[in-house]
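Quick note: residue numbers are just sequence positions, from 1.
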Amino acid sequence: MEVQRIKVLDIPVDLVEEQNLEEVILDLIAKPGTKQIVFLSVWDLLRARRKKDYYQCIQNADLILPISKSILKGARFLKTQVPVRYNPFTAIINILSILESHLKSLYLLGGRKKTLMAAEKNVRSTFKTLQIVGRYVGYYPKSVEGDIVQAIYKASPSLVLVSEGIREKDCWAYNRRNSFSSSIFLYSRDVIGIFGDRKTRVPEKTFDKGKEIWTEISHNPLKVFLVFPYIKYKILLLWYRLFKKD
């Protein structure tokens with residue numbers, strides 16, 4: 001299935017209806033080589049505008065799903081098509097269900113040892129026929145990275161779920177894209193912590209209202225200063241609306 005791609009402030013965003021997600025995922029699995037799914041927040045969008053390496057990663061991603069309500073509002077303000085917003089954890093659950101129903105495989109990368117082991121146990125108990133073909137902790141020393149890359153290459157999982165403790169985040173897979181055979185990579189900072197019962201997910205109602213930033217601020221008060229890049233985002237939208245022409 002062909003995915004429609006728009007741009008918000010020159011950063012690509014994909015339009016995928018939830019009912020089409022299974023077909024899109026299966027098409028990605030069938031596609032040869034290293035593939036990547038990116039969950040794009042408004043903060044990621046702004047980072048992609050100022051960091052060339054991250055921009056290249058986003059530009060080359062196979063699927064870019066917006067997770068911030070502000071991106072949808074921005075698309076609407078710019079009078080382009082409005083994409084569907086995804087809750088990262090809910091989307092991952094749906095993707096794992098798709099993999100399970102088609103007898104596909106998973107590799108877990110990230111988290112501390114205790115959390116990773118708990119996450120693996122919980123994933124196995126929830127997705128009973130999903131094959132977990134490997135796992136490795138985050139925060140690993142550089143000296144073992146070659147072994148991790150080789151293990152993923154040999155296991156050739158359908159999906160590699162990347163989480164906390166992987167310094168390059170989304171860019172980890174992109175920077176090593178020529179080292180793998182045929183896997184989808186998906187980074188989500190908190191997913192292994194949530195599966196491992198160490199972190200709590202954002203309540204669905206909070207996410208639906210676009211208020212998840214307040215949960216983040218309650219954990220890290222310094223994030224209140226994100227108001228300044230958010231103001232910049234609003235100014236950029238206005239500038240693009242008034243002066244930027246395709």
Side-chain angles (χ1 to χ4, degrees), residues 36-44 47 54 57 61 63 65-68 85-100 105-128 130-142 144-145 148-149 151-152 155 157-174 176 183-224 226:
Q36 188 162 15
I37 300 172
V38 171
F39 289 137
L40 190 75
S41 70
V42 66
W43 320 118
D44 296 326
R47 181 158 63 100
Y54 185 60
C57 172
L63 188 61
L65 301 177
I67 64 173
S68 292
R85 179 178 177 233
Y86 281 81
N87 181 321
F89 188 74
T90 303
I92 288 170
I93 293 293
N94 291 338
I95 291 170
L96 293 182
S97 296
I98 293 166
L99 295 180
E100 180 189 30
S105 58
L106 173 70
Y107 191 105
L108 298 171
L109 178 62
R112 301 288 186 183
K113 183 176 180 180
K114 185 177 179 181
T115 304
L116 179 59
M117 298 303 287
E120 180 183 359
K121 180 181 177 182
N122 289 334
V123 171
R124 285 188 187 278
S125 65
T126 304
F127 304 95
K128 298 185 185 302
L130 178 63
Q131 305 172 60
I132 300 181
V133 294
R135 85 289 304 156
Y136 206 91
V137 295
Y139 308 100
Y140 56 78
K142 189 72 174 176
V144 305
E145 184 170 276
I148 297 171
V149 170
I152 295 173
S158 307
L159 174 69
V160 181
L161 202 51
V162 184
S163 192
E164 62 178 315
I166 306 303
R167 182 180 299 178
E168 295 169 69
K169 302 178 181 179
D170 287 297
C171 292
W172 190 88
Y174 176 70
R176 295 158 184 80
S183 297
I184 301 170
F185 288 79
L186 171 57
Y187 172 80
S188 179
R189 182 191 62 192
D190 295 332
V191 65
I192 286 179
I194 295 172
F195 278 136
D197 298 322
R198 190 177 66 82
K199 294 186 176 183
T200 56
R201 57 179 298 193
V202 175
E204 202 76 37
K205 288 183 179 179
T206 301
F207 183 84
D208 290 343
K209 292 177 181 178
K211 305 295 186 182
E212 64 274 14
I213 184 61
W214 297 108
T215 301
E216 294 188 35
I217 289 173
S218 70
H219 293 136
N220 181 2
L222 290 177
K223 288 197 172 184
V224 72
L226 287 173

4.5 Å side-chain heavy-atom contact, Tyr107 and Tyr136 | yes
Minimum heavy-atom distance Phe127-Ser97, with the two atoms named = CE2-OG, 3.4 Å
Could you grab the distance from atom CG of Leu109 to atom CD1 of Ile148, nearest 0.5 Å is fine?
-> 6.0 Å
Sorted by chain and number, sequence neighbours left out, side-chain contact (heavy atoms from CB on, under 4.5 Å) with Lys211 holds for Thr206, Lys209, Trp214
Kindly state whether the ring of Phe195 and the ring of Phe89 have centres lying under 6.0 angstrom apart.
-> yes
Locate the shortest heavy-atom distance separating Val162 from Val191; write the atom from each residue and the value.
-> O-CG1, 4.5 Å
Sole residue of Glu164, Glu168, Lys169, Gln36 in side-chain contact (heavy atoms from CB on, under 4.5 Å) with Tyr187 | Lys169
Atom CG of Leu99 and atom CG of Asn94: how far apart are they, to the nearest 0.5 Å?
-> 11.0 Å
Check whether any side-chain heavy atom of Trp172 lies under 4.5 Å from a side-chain heavy atom of Val149, and answer yes or no.
-> yes
Compare all side-chain heavy atoms of Phe39 with those of Ile92 and state whether any distance is below 4.5 angstrom.
-> yes
Between Leu130 and Leu106, which heavy-atom pair has the shortest distance, and what is it?
-> CD2-CD2, 3.9 Å
Closest heavy-atom contact between Ser163 and Ser188?
-> OG-O, 3.0 Å
Evaluate the side-chain proximity of Thr126 to Glu100: yes if any heavy-atom separation is below 4.5 Å, no if none is.
-> no
Once you round to the nearest 0.5 Å, how far does CZ of Arg198 lie from CG of Asp190?
-> 8.0 Å
Lys NZ or Arg CZ of Arg47 over Tyr54 ring: under 6.0 Å, within 45° | yes
Hey, does the Lys NZ or Arg CZ of Arg85 hover above the aromatic six-ring of Phe207, less than 6.0 Å from the centre and inside 45° of the axis?
-> yes
How many angstroms lie between atom CG of Leu63 and atom CG of Leu186, to the nearest 0.5 angstrom?
-> 9.0 Å
Salt bridge (Lys or Arg N to Asp or Glu O under 4.0 Å) partners of Arg135, counting only residues at least two apart | Glu120
Start with the C-alpha distance between Leu96 and Leu159, add both sets of side-chain angles, then the distance that settles side chain to side chain contact (heavy atoms under 4.5 Å, CB included), and finish with yes or no.
-> CA-CA 9 Å; Leu96 293 182; Leu159 174 69; 4.0 Å; yes
Does Lys142 have any salt bridge (Lys or Arg N to Asp or Glu O under 4.0 Å) partners at least two apart in sequence or in another chain, and if so, which?
-> Glu145
To the nearest 0.5 Å, how far apart are OG1 in Thr90 and CZ in Arg201?
-> 4.0 Å
Find the distance between CG (Leu40) and CD1 (Ile67) and round it off to the nearest 0.5 Å.
-> 7.5 Å
Identify the heavy atoms of Cys171 and Cys57 that sit nearest to each other, and give their distance.
-> SG-CB, 3.8 Å
Is Ser183 reaching over with its side chain to a backbone N or O of Ser158, donor-acceptor style, under 3.5 angstrom?
-> no
Derivation and outcome, side chain to side chain contact (heavy atoms under 4.5 Å, CB included), residues Phe185 and Ile152 | CA-CA 11 Å; Phe185 288 79; Ile152 295 173; 4.0 Å; yes
Heavy-atom pair of closest approach, residues Ser68 and Val42 | OG-N, 2.9 Å
Is there a donor in the side chain of Asp44 and an acceptor in the side chain of Ser41, or the other way round, less than 3.5 Å apart?
-> yes
